[in-house]
Asker: 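Got a structure for you, questions after.
Each ligand, and each atom within it, is numbered from 1 in the order the structure gives.
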Amino acid sequence: MSRIAYVNGRYVPHREATVSIDDRGYQFADGVYEVIAVTNGRLVDEGGHLDRLDRSLSELSIAWPMSRRAMQLVMREVIRRNGVTNGIIYLQLTRGVARRDHPFPVGVAPSLVMTARRAKPIPASNLTKGVGVVTFADQRWARCDIKSTSLLPNILGKQAARQAGAYEGWMVDNNGFVTEGTSTNAWIVTDKGELITRNVSHAILNGITRLAVIQLAGDNGLKLVERPFTVAEAKAAREAFTSSTTNPIQPVVAIDGAPVGDGKPGRIALELRRAYEAATAQGGVNG
Ligand SMILES: Cc1ncc(COP(=O)(O)O)c(C=O)c1O
């Protein structure tokens with residue numbers, strides 16, 4: 001089945017899909033995005049993703065290009081036309097097309113692009129053996145809570161991690177505390193069995209999977225503390241893991257080459273992953 005993209009009101013073959021070179025997304029990264037998982041044909045935590053999209057748009061004063069209901073219908077049509085049962089849908093909204101000039105253009109409609117694709121299989125060894133992360137300075141701007149398409153520090157960080165043979169890079173603030181991964185939220189489990197993830201602020205993206213893990217932790221009687229943790233504390237932790245839409249809960253077994261706990265995927269991470277998979281088969285944890 002050939003891929004179909006939605007571009008500003010039209011469904012077009014993916015390879016022929018184009019946007020204007022004057023689109024402010026292209027010129028300034030003046031836009032936001034969402035990635036939503038499709039599992040067994042259902043959108044996972046759709047409500048949470050659309051709420052976050054609404055927040056990102058409003059923080060940047062970009063209008064919705066259509067009603068939320070209409071957007072949901074287009075999303076379903078994009079998934080249907082691409083024959084995606086298990087995969088993702090990608091939504092990108094920008095301030096629109098205008099002559100290149102920094103101030104917001106007046107009377108310009110926002111641009112909306114959607115694509116969908118089937119899931120890339122996650123290597124089995126990710127779960128059986130776990131993965132490593134490396135740490136480096138967080139070089140991003142001061143509003144990482146906005147899911148902006150401006151991802152230069154994130155892609156540079158991910159590339160550096162991959163070149164170091166690691167799955168992910170954990171970014172570290174000026175005070176030595178881990179903010180988050182380049183495309184994931186960061187978690188540890190302390191010696192006392194407490195689940196720790198950084199509290200929400202302008203320093204991190206409030207992951208929808210993060211919110212789901214918080215909910216599942218509560219449902220499973222785990223003690224959760226939302227607070228910053230240092231790299232040293234993470235290295236001394238019993239377990240570590242990452243969370244994200246595309247790989248919900250990924251055990252981390254090494255940080256900067258040093259083993260975490262016994263160097264094997266942690267029990268709590270694997271339990272949370274199983275609980276997450278059970279919930280997403282029903283459409284997700286936070287609707
Ligand atoms: C910087 C960053 N943090 C966290 C996440 C995880 O968010 P979510 O669980 O909504 O996929 C992402 C996902 O793209 C991200 O880019």
Side-chain angles (χ1 to χ4, degrees), residues 29 31-39 43-57 59 75 87-93 115 117 119-120 122 131 133-162 167-173 177-188 195-217 226 228-229 240-250 252 269 272-273 275-277 279-280 283-287:
V32 301
Y33 74 105
E34 277 297 327
V35 178
I36 310 177
V38 180
T39 301
L43 286 151
V44 178
D45 289 341
E46 178 182 9
H49 282 280
L50 291 179
D51 289 349
R52 185 173 64 185
L53 177 64
D54 183 48
R55 183 175 181 281
S56 296
L57 288 170
E59 290 299 309
M75 283 159 62
I88 56 143
I89 181 160
Y90 175 83
L91 284 66
Q92 180 168 315
L93 292 99
T115 56
R117 68 170 191 227
K120 259 199 271 166
I122 296 167
V131 298
V133 302
V134 287
T135 62
F136 42 74
D138 193 336
Q139 302 193 62
R140 299 175 301 163
W141 71 325
R143 290 303 307 272
C144 299
D145 56 311
I146 299 171
K147 200 163 169 62
S148 147
T149 57
S150 173
L151 290 171
L152 208 41
N154 306 61
I155 62 167
L156 292 174
K158 185 77 90 184
Q159 181 63 18
R162 292 292 157 90
Y167 166 83
E168 177 61 303
W170 279 7
M171 299 178 282
V172 181
D173 69 17
F177 292 101
V178 173
T179 50
E180 59 185 331
T182 65
S183 63
T184 58
N185 288 111
W187 299 76
I188 58 170
L195 203 52
I196 315 286
T197 196
R198 190 166 173 133
N199 51 297
V200 171
S201 69
H202 289 177
I204 66 163
L205 183 74
N206 191 2
I208 303 303
T209 323
R210 174 187 180 280
L211 292 171
V213 173
I214 289 173
Q215 174 78 41
L216 290 170
E226 293 179 67
F229 57 86
F241 63 92
T242 64
S243 67
S244 71
T245 295
T246 47
N247 185 9
I249 292 141
Q250 170 59 59
V252 169
L272 284 167
R273 185 169 177 116
Y276 184 86
E277 279 168 357
T280 48
V285 179
N286 295 305

Asker: Q215 versus D45: any side-chain heavy-atom pair under 4.5 Å?
Answerer: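 The answer is no, as the side chains (C-beta and beyond) never meet within the 4.5 Å cut-off.
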Asker: Check whether any side-chain heavy atom of T179 lies under 4.5 Å from a side-chain heavy atom of R198, and answer yes or no.
Answerer: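 A side-chain contact exists here, since the closest heavy-atom pair is under 4.5 Å.
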Asker: If the plane angle is over 60° it's perpendicular, under 30° parallel, otherwise tilted; pick one for W170 and F229.
Answerer: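 Geometry flag for F229 against W170: perpendicular rings.
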Asker: Under 3.5 Å, is there a donor-acceptor pair linking the side chains of T242 and E168?
Answerer: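 Distance-only check fails for T242 and E168.
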Asker: State plainly whether the residues D54 and R52 are in salt-bridge range, i.e. N to O under 4.0 Å.
Answerer: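 The answer is no: the pair does not qualify as a salt bridge.
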Asker: One line per pair, note the atom names and distance for all nitrogen or oxygen contacts under 3.5 Å between ligand 1 and the protein.
Answerer:
from     : atom 1 : to   : atom 2 : distance (Å)
ligand 1 : 3 (N)  : E180 : OE1    : 2.7
ligand 1 : 9 (O)  : I208 : N      : 3.3
ligand 1 : 9 (O)  : T209 : N      : 3.0
ligand 1 : 9 (O)  : T209 : OG1    : 2.6
ligand 1 : 10 (O) : R52  : NH1    : 2.8
ligand 1 : 10 (O) : R52  : NH2    : 3.0
ligand 1 : 10 (O) : I208 : N      : 2.8
ligand 1 : 11 (O) : T245 : N      : 2.9
ligand 1 : 11 (O) : T245 : OG1    : 2.6
ligand 1 : 14 (O) : K147 : NZ     : 2.9

Asker: Is there a side-chain contact between L43 and V38 in this structure, where contact means two heavy atoms from C-beta onward sitting under 4.5 Å apart?
Answerer: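 Sidechains of V38 and L43: in contact.
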